[in-house]
Amino acid sequence: MPIRKGFTVAASLTFALFAATAIAADGPGLGQKVTEADLALWDISIGPDGKGLPPGSGTAAQGAAIFAQKCEVCHGKNGQGGPNSVLINAPGKSDRTMALYVPHATTMFDFTRRAMPWPLPKSLTDAEVYALTAYILAGNRNIGENEVMNAETLTKVKMPNRDGFISRYPEKH
């Protein structure tokens with residue numbers, strides 16, 4: 001009996017291996033092939049040097065209106081606290097916010113562009129993202145209230161923690 005049982009197990013495993021190989025070769029028939037054009041829609045990373053920043057621009061005043069409409073429900077009035085992160089410190093407070101923590105303003109643009117607003121990521125226009133970035137930067141006094149943020153000016157913003165940030169991947173900077 002043990003020899004017969006061993007043969008049955010070995011035969012079953014061999015059959016399973018051949019079946020799995022055949023399925024993997026043909027695929028399960030789900031979905032569709034990903035094209036270069038499909039990938040380009042998600043290849044939106046922006047690094048510290050600003051390479052890949054899109055055309056457009058925005059100001060803190062424009063960002064305030066967008067923030068009230070699309071961001072306030074999660075981040076609170078003036079970005080000073082809601083169910084999610086505080087983005088702008090209230091006067092006299094010095095909590096760590098994204099605008100005081102990240103080393104590059106382009107990081108804020110990149111994150112906002114790809115992940116916000118929460119229920120509809122990637123739904124903001126590039127001009128809206130520039131305006132929201134300007135609003136948060138101005139609210140944290142990283143830039144002046146009237147400064148325009150665009151592909152040229154965003155990379156020139158000197159973030160408070162730029163020299164204090166230790167990258168996990170220093171060779172990429």
Side-chain angles (χ1 to χ4, degrees), residues 31-32 34-169 172-173:
Q32 60 190 23
V34 177
T35 67
E36 289 297 320
D38 294 330
L39 289 176
L41 295 173
W42 289 95
D43 187 16
I44 60 172
S45 295
I46 307 297
D49 62 359
K51 183 179 176 204
L53 278 169
S57 64
T59 64
Q62 294 166 330
I66 298 162
F67 190 90
Q69 180 186 18
K70 299 183 178 186
C71 311
E72 192 172 287
V73 68
C74 289
H75 296 287
K77 187 150 181 70
N78 301 319
Q80 295 175 353
N84 293 320
S85 296
V86 170
L87 296 176
I88 299 172
N89 277 315
K93 291 193 98 182
S94 61
D95 294 333
R96 183 166 63 171
T97 66
M98 180 169 55
L100 299 176
Y101 176 70
V102 297
H104 305 283
T106 54
T107 303
M108 292 177 56
F109 181 95
D110 181 67
F111 179 79
T112 303
R113 182 181 183 206
R114 91 178 45 250
M116 295 292 134
W118 159 243
L120 299 166
K122 290 181 64 184
S123 64
L124 298 167
T125 67
D126 294 332
E128 287 176 317
V129 178
Y130 278 117
L132 287 167
T133 303
Y135 175 69
I136 295 166
L137 289 170
N140 284 287
R141 292 169 291 293
N142 293 357
I143 64 169
E145 288 287 328
N146 298 318
E147 288 188 54
V148 175
M149 289 294 102
N150 57 41
E152 186 180 323
T153 58
L154 192 63
T155 58
K156 295 177 181 173
V157 174
K158 176 83 166 146
M159 299 297 282
N161 199 30
R162 175 175 265 176
D163 298 327
F165 196 84
I166 299 171
S167 175
R168 184 173 180 183
Y169 307 100
K172 298 198 182 219
H173 290 278

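Side-chain atoms are counted along with the backbone in the values below, which use heavy atoms only and exclude waters and symmetry mates.
- Side-chain atoms of Arg141 come within 3.5 Å of backbone atoms of Gly139 as a donor-acceptor pair (strictly under, hydrogens ignored).
- A cation-pi arrangement is present between Lys122 and Trp42, with the terminal nitrogen or guanidinium carbon under 6.0 Å from the aromatic centre and inside a 45° cone about the axis.
- Side-chain contact between Pro160 and Asn142: present, with at least one pair of heavy atoms (C-beta onward) separated by less than 4.5 Å.
- Judged purely by atom type and a 3.5 angstrom limit, Glu147 uses its side chain to pair as donor or acceptor with the backbone of Gly144.
- The two atoms that bring Ala60 and Ala134 nearest to each other are N-CB, 3.6 Å, heavy atoms only.
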Given Met149 and Val157, is the side chain to side chain contact (heavy atoms under 4.5 Å, CB included) satisfied, shown in steps? CA-CA 9 Å; Met149 289 294 102; Val157 174; 3.8 Å; yes
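- Between Gln80 and Lys93, every side-chain heavy-atom pair lies at or beyond the 4.5 Å cut-off.
- For the atom pair CD1 of Ile66 and OH of Tyr130, the computed distance is 13.5 Å after rounding to the nearest 0.5 Å.
- How far NZ of Lys51 is from OG1 of Thr106: 13.5 Å, rounded to the nearest 0.5 Å.
- Atom OH of residue Tyr135 and atom OG1 of residue Thr59 lie 12.0 Å apart, to the nearest 0.5 angstrom.
- With contacts defined as side-chain heavy-atom distances shorter than 4.5 Å, the pair Asn140/Leu100 qualifies.
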Step by step, would you call Leu137 with Met159 a side chain to side chain contact (heavy atoms under 4.5 Å, CB included)? CA-CA 9 Å; Leu137 289 170; Met159 299 297 282; 3.7 Å; yes
Determine, stepwise, if the pair Ser45 / Arg114 fulfils side chain to side chain contact (heavy atoms under 4.5 Å, CB included). CA-CA 8 Å; Ser45 295; Arg114 91 178 45 250; 3.1 Å; yes
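- Not a single donor-acceptor pair under 3.5 Å links the side chain of His75 to the backbone N or O of Val86.
- The one candidate from Asp126, Val129, Asn150 that meets the side-chain contact (heavy atoms from CB on, under 4.5 Å) condition with Pro54 is Asp126.
- One finds the OG atom of Ser123 at 10.5 Å from the CE atom of Met116 (value rounded to the nearest 0.5 Å).
- Donor-acceptor pairing under 3.5 Å is lacking for the side chains of Thr107 and Asp110.
- A donor-acceptor contact shorter than 3.5 Å links the side chain of Thr153 to the backbone of Val148.
- Here the shortest heavy-atom pairing between Ala99 and Ile136 reads CB-CG2, 4.0 Å.
- More than 12 heavy atoms of other residues, nucleotides or ligands sit less than 6.0 Å from atom CD of Glu72.
- Rounded to the nearest 0.5 angstrom, Glu128 CD and Cys71 SG are separated by 9.0 Å.
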Please determine whether side chain to side chain contact (heavy atoms under 4.5 Å, CB included) holds for the pair Phe67 and Asn78, giving the CA-CA distance in whole Å, both sets of side-chain angles, and the decisive distance to 0.1 Å. CA-CA 8 Å; Phe67 190 90; Asn78 301 319; over 6 Å; no
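- Looking at Asp38, its side chain does come within 3.5 Å of a backbone N or O of Thr35 through a donor-acceptor pair.
- When every heavy atom of Ser57 is checked against every heavy atom of Gln62, the shortest pair comes out as O-OE1, 4.3 Å.
- Other residues, nucleotides and ligands place more than 12 heavy atoms under 6.0 Å from the CZ atom of Arg162.
- Looking at Leu132 and Leu124, their side chains come closer than 4.5 Å, going by heavy atoms from C-beta outward.
- Judged by distance alone, the side chains of Arg113 and Thr133 never bring a donor and an acceptor atom under 3.5 Å apart.
- The line from OG1 of Thr97 to CG of Leu87 is 7.5 Å long, rounded to the nearest 0.5 Å.
- Put simply, the side chain of Asn161 does not reach to within 4.5 Å of the side chain of Pro103, judged on heavy atoms.
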